[in-house]
Each structure stands twice: as structure tokens, then as C-alpha cells.
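Lettering of chains follows the sequences in order, A, B, ..., and the numbering in each one begins at 1. These numbers come from a predicted model, not from an experiment.
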2 protein chains.
Amino acid sequence: MAVRTIEVRERVMARNDELAAGVRERLARAGVPAFNLISSPGAGKTALLEASARLLAGLKLGAISGDLATDNDARRLQRAGIPSRTITTGQACHLDAEMIHHSLHGFPWDGLDVLFIENVGNLVCPAIYDLGQEANVVALSLTEGEDKPLKYPVMFQRADLVLLTKADLLPHLDVEVSRITDSLARVIPDPQVILLSAHTGQGLDRWRVWLEARRASVAAVSHRHASHP
Amino acid sequence: MAVRTIEVRERVMARNDELAAGVRERLARAGVPAFNLISSPGAGKTALLEASARLLAGLKLGAISGDLATDNDARRLQRAGIPSRTITTGQACHLDAEMIHHSLHGFPWDGLDVLFIENVGNLVCPAIYDLGQEANVVALSLTEGEDKPLKYPVMFQRADLVLLTKADLLPHLDVEVSRITDSLARVIPDPQVILLSAHTGQGLDRWRVWLEARRASVAAVSHRHASHP
């Protein structure tokens with residue numbers, strides 16, 4: 001029984017990695033960096049993207065939002081000026097590469113400067129599914145406490161950037177940011193961390209700089225591809 | 001491929017339900033009610049149990065805490081005076097009945113007045129796994145926003161009680177409690193809700209009353225079993 005389950009899981013993962021490689025290749029050729037946003041439910045991914053729409057007003061942004069049951073996030077992003085579509089996952093606890101592959105059909109992603117993928121709110125399952133993203137951005141709300149990197153290590157080990165969100169609440173919490181970064185340093189050697197608040201704007205400049213640097217490196221690779229086909 | 005995965009999942013679920021029935025039977029005979037606490041990461045399950053230890057000082061409490069990688073929660077509960085053990089789930093995103101079955105071995109649960117099961121922090125996967133509990137208690141932090149019941153409907157449909165935690169933060173949030181209860185009422189017909197704060201003590205009396213009522217009904221059934229074996 002257990003062996004059968006593991007066999008099936010390995011085949012699912014191999015198929016996922018194959019599809020993710022295809023998605024990554026297509027996005028890279030078009031010079032579109034995709035950022036996979038992952039967090040617990042309610043850590044502020046959508047609020048961050050709403051703020052990012054204002055912050056990156058000169059760029060063409062797009063988003064794919066995963067949700068078990070609603071299209072609330074995609075509708076919020078549309079209202080903020082980010083063309084968005086929803087992937088309704090039902091009981092599936094994460095996005096996978098096949099969902100992204102299908103979602104790109106008919107979505108005008110190839111003219112975008114940045115594609116955000118807003119994963120299902122879950123600090124466990126999304127960690128192991130490659131979606132073809134340029135980078136994983138994990139949002140951790142300060143309200144979640146200081147030890148989450150130790151308790152959900154796989155997720156944080158796969159993070160290229162950790163955003164500590166809801167910084168505006170810090171004065172009201174029994175939490176020290178240094179203890180969160182200490183926890184992070186115990187699971188990843190050199191964590192990149194930005195403390196921010198979509199509410200007050202704190203830290204959003206650093207988020208913009210990080211995004212633009214990642215975008216520039218993707219655009220440079222895409223340009224070299226185009227010059228030497 | 002998909003069919004094979006579903007077949008395996010159905011067999012896993014059938015086996016889980018069988019083991020959960022066994023756990024429920026053993027707990028019922030001993031008159032020990034088990035409460036399955038479920039929430040997003042960092043919604044305050046452990047803080048609530050720490051507060052409950054003070055609140056229910058006359059009762060013998062015990063806890064089983066699920067965690068991917070640490071025993072932080074069980075150690076916190078031990079310090080609060082609640083005998084506890086950890087189930088380390090590794091990459092598993094939820095507890096299952098087999099884990100509870102094994103965890104009860106060698107744990108002096110049969111003298112307890114209440115057994116708390118603190119699930120892995122996850123609003124998706126734990127929803128469908130019966131653990132042999134008397135009731136599911138879902139903790140939703142006010143910091144997570146107003147639409148979570150709509151976005152994670154399966155979890156809230158299985159909730160016997162919803163605790164709205166971190167009530168002390170309400171003045172600092174752009175959140176209305178009535179909007180959360182409206183969302184809840186759209187997924188369950190008659191939601192039982194308690195607004196509370198482990199920090200200030202708000203609402204803890206109602207939580208105690210609810211627990212004692214559920215405990216009394218289990219004890220009554222257990223007593224009838226004992227009288228008419």
C-alpha cells in the first residue's frame with residue numbers, strides 16, 4: 001500500500017517536472033519572469049500584488065491565482081489593474097505545472113513584463129511542485145510568530161526571497177524580527193529577507209528593486225537567446 | 001494515471017476511516033473526548049492551549065501535536081503543564097488516524113479528562129482526515145482576513161466550532177468580524193463561533209463552557225456504556 005502510493009507520487013512528480021521545464025522554456029524565450037508567491041492563508045499575497053500594481057505602474061503585470069473555491073483574489077487583482085485568471089483547485093492543496101501550462105493557453109502572457117503566480121494558501125504542499133517559475137517568493141506574516149521557518153523548513157529552503165509581511169502590526173505583537181531571521185538562518189544559509197507592509201508602504205521599494213533585478217537578469221538571458229538562436 | 005491516483009487515495013481514506021473508528025471507540029469507552037484543533041500556521045493553536053491549561057486547571061489535559069519538523073509546540077505545552085507528545089510528520093501535510101493510533105501507545109491518555117490533538121498548520125489537507133475526534137475546532141486568526149471560510153470551504157464545513165483568534169489585534173486591522181461570520185454562514189448553516197484572545201483572555205470563558213458541555217455529553221455516553229456493557 002505505502003509502496004504503491006510512493007510509486008504513484010514519483011510518477012506524478014516526474015510528470016510535473018517535465019511540464020514545468022516546458023513552461024520555464026516558453027517563459028524564458030519570451031523574456032517573461034514568473035514569480036511563485038507562496039504563504040499561509042491570509043499572509044497578504046493579494047494585498048502585496050495590489051500594492052505592486054501601483055509600485056510598478058510602468059510595467060505590464062499579469063497574474064494567475066490559485067484558489068480552492070473562489071476567484072476573489074483574481075477579481076481583486078483585476079480591479080487593481082493586473083490582468084488575472086483563476087485556477088480553481090477544488091480539493092488540491094497546491095498549484096502544479098499542468099495547471100499553469102493550461103492556464104497560459106489563451107492568456108496574453110507573452111507581452112508581460114512580470115507574471116505573478118499566486119499559489120494556494122498553504123505552507124506545506126506547494127513547496128515541492130515546480131511551476132516553471134524564475135523564483136519562489138515566500139510571504140510570512142509577522143502575526144504567524146517566530147518559529148515558522150523551523151516548522152515548515154522545506155518551504156523556506158526553496159525560497160529565493162522571504163517577505164515578512166504586515167510589518168505595520170509589529171508594535172502590537174509579541175514578536176521580534178531578529179528571532180524570525182535567526183530561525184530562517186537555521187534552515188537556509190543566506191536568507192534574503194525584506195520586511196514590508198502593503199498597508200503603510202514600508203519595504204516596498206526594496207521589493208521593487210529585487211523584482212527589477214531578477215527581471216533584468218531574465219531579460220538579458222532572453223536577449224542572448226534571441227541573438228544566438 | 002489520474003485514475004490510479006484516485007484509486008490509491010480511496011484506499012488510503014478507507015483505511016484511515018477504519019483506524020479512526022477504532023480510536024473513537026477506545027476514547028469513547030474511556031470517556032475521553034478528543035478535540036482536533038486545525039488552523040493555518042500561526043493562528044494561535046498552541047497559545048490557546050497554553051491559556052486553556054490555566055483555564056481548566058481542575059481537569060487533566062493531554063495533547064498530541066503534529067508538526068513537520070520540530071517539537072516546539074509539545075515542549076511549550078509541557079511547560080504549560082499539559083503532558084504532550086509530538087507526531088513529526090516530515091513532508092505529510094496533515095495528521096491521520098494511523099498516526100494517532102500509534103501515538104496513543106504508551107501515552108497515559110486513558111486517565112485524561114480532555115485530549116487535544118493539535119493538527120499540522122494547514123487549512124486544506126487536515127479537513128478530510130478523520131482522527132477519531134469528538135469534534136473539530138477550527139481556529140481562524142482575525143489577521144487572515146474576512147473571506148477565508150469561502151476560500152477553504154471544506155475545512156469550515158467540517159468545523160463543529162470556529163474560534164476567531166487574536167481578537168486583541170482587531171483595532172489594528174482592516175477587518176470586520178461580521179463579515180467573517182457572514183462568510184461562514186455561506187458555507188455552514190448554523191456556525192458556532194467564539195471571538196477570543198489568548199493574550200487578553202477575551203472569550204476564553206465561552207471556550208471553557210463549550211468544552212465542558214461537549215465533555216459532559218461524552219462522559220454521559222461513556223457512563224451509559226459502563227452501566228450496560
Trainee: For A/Phe35, which residues count as a ring pair (Phe, Tyr, Trp, His ring centres under 6.0 Å) partner, sequence neighbours excluded?
Mentor: A/Trp210
Trainee: If I take atom NZ from residue B/Lys148 and atom CG from residue A/Leu68, how far apart are they, to the nearest 0.5 angstrom?
Mentor: 11.0 Å
Trainee: Given the options A/Leu169, A/Asp174, A/Val154, which has more heavy-atom pairs under 4.5 Å with chain B than any of the others?
Mentor: A/Leu169
Trainee: How many angstroms lie between CD in B/Glu144 and OG in A/Ser141, if you round to the nearest 0.5 Å?
Mentor: 8.5 Å
Trainee: Rounded at 0.5 Å granularity, tell me how far NZ in A/Lys151 sits from CG in B/Asp73.
Mentor: 3.0 Å
Trainee: Where does B/Pro153 contact chain A at under 4.5 Å (heavy atoms): side chain, backbone, both or neither?
Mentor: side chain
Trainee: Is chain A contacted by the side chain of B/Ile128, its backbone, both, or neither, given a heavy-atom distance below 4.5 Å?
Mentor: side chain
Trainee: Can you list everything that forms a salt bridge (Lys or Arg N to Asp or Glu O under 4.0 Å) with B/Arg79? Sequence neighbours excluded, please.
Mentor: none
Trainee: Heavy atoms only: give me the nearest B/Thr70-A/Leu150 pair and the separation to one decimal.
Mentor: CG2-O, 3.3 Å
Trainee: In terms of heavy-atom contacts, does CZ of A/Arg186 have more than 12 from other residues, nucleotides or ligands at under 6.0 Å?
Mentor: no
Trainee: Roughly how far, to the nearest 0.5 Å, is the CG atom of B/Leu173 from the NE2 atom of A/His172?
Mentor: 9.0 Å
Trainee: Side chain from CB out, backbone as N, CA, C, O: work out which of these in A/Leu140 comes under 4.5 Å of a heavy atom of chain B, or both, or neither.
Mentor: neither
Trainee: Looking at B/Cys125, B/Ala43, B/Gly121, which has the largest count of heavy-atom pairs under 4.5 Å with chain A?
Mentor: B/Gly121
Trainee: Determine the option with the most heavy-atom pairs under 4.5 angstrom with chain B, choosing from A/Gly42, A/Pro41, A/Gly145.
Mentor: A/Pro41
Trainee: So, taking the atom named CG in B/Asp67 and the one named CG in A/Asp147, what distance separates them when rounded to the nearest 0.5 Å?
Mentor: 8.0 Å
